[in-house]
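See below for the structure under consideration.
If you read the sequence from its start, that first residue is 1, and numbering goes on from there. Ligands are counted one by one from 1 in listed order, and the atoms in each one are counted from 1 as well.
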Amino acid sequence: MEAKQLIDPNKIKQDFSIFKRKINGKPLVYLDNGATSLTPDIVVNAINNYYHNFNANIHRGVHTMGEDATIAYESAHDKVAKFINADNKEIIFTSGTTASLNILVRSIRLNPGDVIILTEMEHHSNIVPWLEAAKKEGYIIKYVKITENGELDMNHLKSLLLNSHVGVVSVTHMSNVLGSINNVKEIAKLAHEKGALCIVDGAQSVPHIPIDVKDIDCDFFCFSGHKMAGPTGIGVLYGKKELLNDMEPANFGGDMISEVHFDHATWNDLPWKFEAGTPNIAGGIGLGAAVEYLDSIGMDKIRDYEEFLTEYALTKLKGIEGVTIYGSSKKRGGVISFNVKDIHPHDVGTILDRDGIAIRGGHMCAMPLIKTVLKLNSVCRISLYFYNTTEDIDKLVTAIHKAKEVFCNDQS
Ligand code: C6P
């Protein structure tokens with residue numbers, strides 16, 4: 001395996017002040033990017049610049065700072081639109097993937113008895129809102145099964161689509177547990193052939209692979225700023241213009257209106273119709289800076305480098321006796337879930353933290369997959385990003401051996 005020289009992660013680490021800090025006296029090895037990624041100084045500075053220099057509300061005051069804030073916030077919509085090949089009217093800023101999915105569940109008009117197709121590998125954000133809506137609206141939820149190696153069973157999806165009442169197919173682009181990357185272009189095509197809408201949860205894909213929503217041809221695409229070098233509390237709901245124009249807003253109040261009378265109101269144009277109230281202005285500006293930063297590195301290079309690093313990590317982890325890895329999809333990203341013998345993932349995480357290594361342990365907010373499908377209680381998960389190095393993986397492997405020594409009295 002040869003390191004792809006397209007990216008120099010050690011140079012990239014210099015863009016992040018957080019790498020200067022020591023964790024328990026050790027350099028930070030951050031392998032929890034699926035939960036949230038680190039934030040480069042350029043993004044922190046963009047947020048600070050707003051608060052230091054033009055801290056005003058948008059679309060309201062005619063004063064200079066209000067104008068500056070409006071221009072910066074709106075240009076963030078443009079940058080994000082360009083990043084995923086959408087129109088700027090199609091980019092709605094929300095607080096994150098969860099909020100984007102909740103808006104869709106509330107705003108898409110369906111009929112009682114309509115079928116919603118999800119998959120067994122969904123995050124709670126793409127299950128729980130539908131469960132609640134199903135209770136109130138009488139929808140029927142079906143789950144596409146996954147195969148032994150953690151890929152979607154496309155034949156099962158096709159069989160579920162034979163039902164003539166399918167309203168929505170809502171699917172994760174990349175599993176936050178198995179790392180599997182689903183063929184969302186094919187899924188959107190199959191959904192459309194049956195007259196159903198296709199929603200893609202891109203929380204784990206947008207940070208890592210180049211995205212072209214026009215090419216995928218999904219109807220909606222949701223993601224979070226904080227997993228892609230941006231700040232927390234900002235995310236995106238992309239939707240096809242004609243669909244968003246036809247939909248009712250989910251939240252009501254200031255800025256989303258065109259006119260308000262004592263007995264009725266009319267709605268603003270896109271995207272503001274879906275952005276009620278004062279938005280996360282600093283967050284939007286920070287997200288704009290984040291996508292510019294990712295673009296300056298190059299999403300193709302990020303994807304190539306992470307493919308190399310994922311392969312490296314898989315090989316190293318497979319070499320540790322007692323480590324079981326979950327998911328072996330042919331097309332995958334740098335999310336790797338595993339268990340170490342009988343050691344509880346929280347114990348593994350605690351031992352690793354002593355060496356400055358951050359991983360996640362638990363059910364990954366995907367309990368149906370972890371408990372019902374994989375029949376586990378919890379897993380350890382590493383999730384890579386473009387600033388991780390092969391040395392980071394080597395340190396992880398050494399620390400896992402230490403955990404085995406502590407908990408299993410085992411030198412293997
Ligand atoms: N998964 C993880 O550690 P929010 O919290 O709204 O930014 O993203 C929710 C979400 C939706 N879909 C997928 C596939 C996700 O992975 C997540 C967030 C984090 O796996 C936190 S639970």
Side-chain angles (χ1 to χ4, degrees), residues 30-39 80 92-106 118-131 143-144 146 150 152 169-182 184 187 198-209 211 218 220-238 250 280 283-284 286-287 290 326-327 329 331-338 345-346 349 358-371 373-374 376 378-385:
Y30 190 74
L31 300 174
D32 195 16
N33 297 286
T36 202
S37 62
L38 300 178
T39 318
V80 173
I92 295 155
F93 281 167
T94 67
S95 64
T97 308
T98 305
S100 302
L101 288 165
N102 272 277
I103 289 172
L104 287 174
V105 172
R106 291 211 301 277
L118 309 175
T119 82
E120 287 183 342
M121 64 169 86
E122 297 311 311
H123 184 275
H124 296 164
S125 299
N126 195 26
I127 296 178
V128 186
W130 293 113
L131 289 177
Y143 295 92
V144 183
I146 59 170
L152 276 190
V169 178
S170 188
V171 54
T172 190
H173 196 177
M174 176 164 137
S175 163
N176 72 323
V177 176
L178 306 165
S180 321
I181 295 177
N182 295 318
V184 285
I187 293 169
C198 176
I199 299 173
V200 177
D201 170 353
Q204 296 291 347
S205 64
V206 184
H208 305 281
I209 54 182
I211 299 293
C218 55
F220 305 99
F221 195 99
C222 309
F223 53 104
S224 302
H226 68 97
K227 295 185 200 291
M228 50 190 290
T232 53
I234 188 82
V236 176
L237 164 55
Y238 155 82
N280 181 354
L287 178 57
Y326 307 105
S329 172
K331 198 161 179 221
R332 66 169 305 149
V335 166
I336 305 174
S337 292
F338 59 95
H346 288 155
I359 69 161
R360 183 171 172 192
H363 55 57
M364 306 298 133
C365 301
M367 277 169 95
L369 170 62
I370 297 284
K371 299 208 180 231
V373 181
L374 299 177
L376 299 166
S378 56
V379 293
C380 305
R381 184 190 72 184
I382 62 163
S383 43
L384 309 172
Y385 214 3

Residues at least two apart in sequence or cross-chain that pass side-chain hydrogen bond (donor to acceptor under 3.5 Å, both in side chains) with T39, listed by chain then number, are none
Show me, by chain and number, every protein residue that has a heavy-atom distance under 4.0 Å to ligand 1. G34, A35, T97, T98, H123, S125, T172, N176, D201, A203, Q204, S224, H226, K227, R360, C365, R381
If you take all heavy atoms of V171 and I187, which pair is closest and at what distance?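 Scanning both residues, the minimum pair turns out to be CG1-CG2, 3.9 Å.
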Determine, using ring centers only, whether H173 and H208 are less than 6.0 Å apart.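 No - the distance between ring centres of H208 and H173 does not fall below the 6.0 Å cut-off.
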So, S100 versus T94: side-chain donor-acceptor pair below 3.5 Å or not? yes
If we ignore hydrogens and angles and just use 3.5 Å, is the side chain of Y385 paired with the main-chain N or O of P207 as donor and acceptor?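 Pair found, side chain donor or acceptor close to backbone of P207.
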Stepwise, does the side-chain contact (heavy atoms from CB on, under 4.5 Å) test hold for T172 with N182? CA-CA 7 Å; T172 190; N182 295 318; 3.8 Å; yes
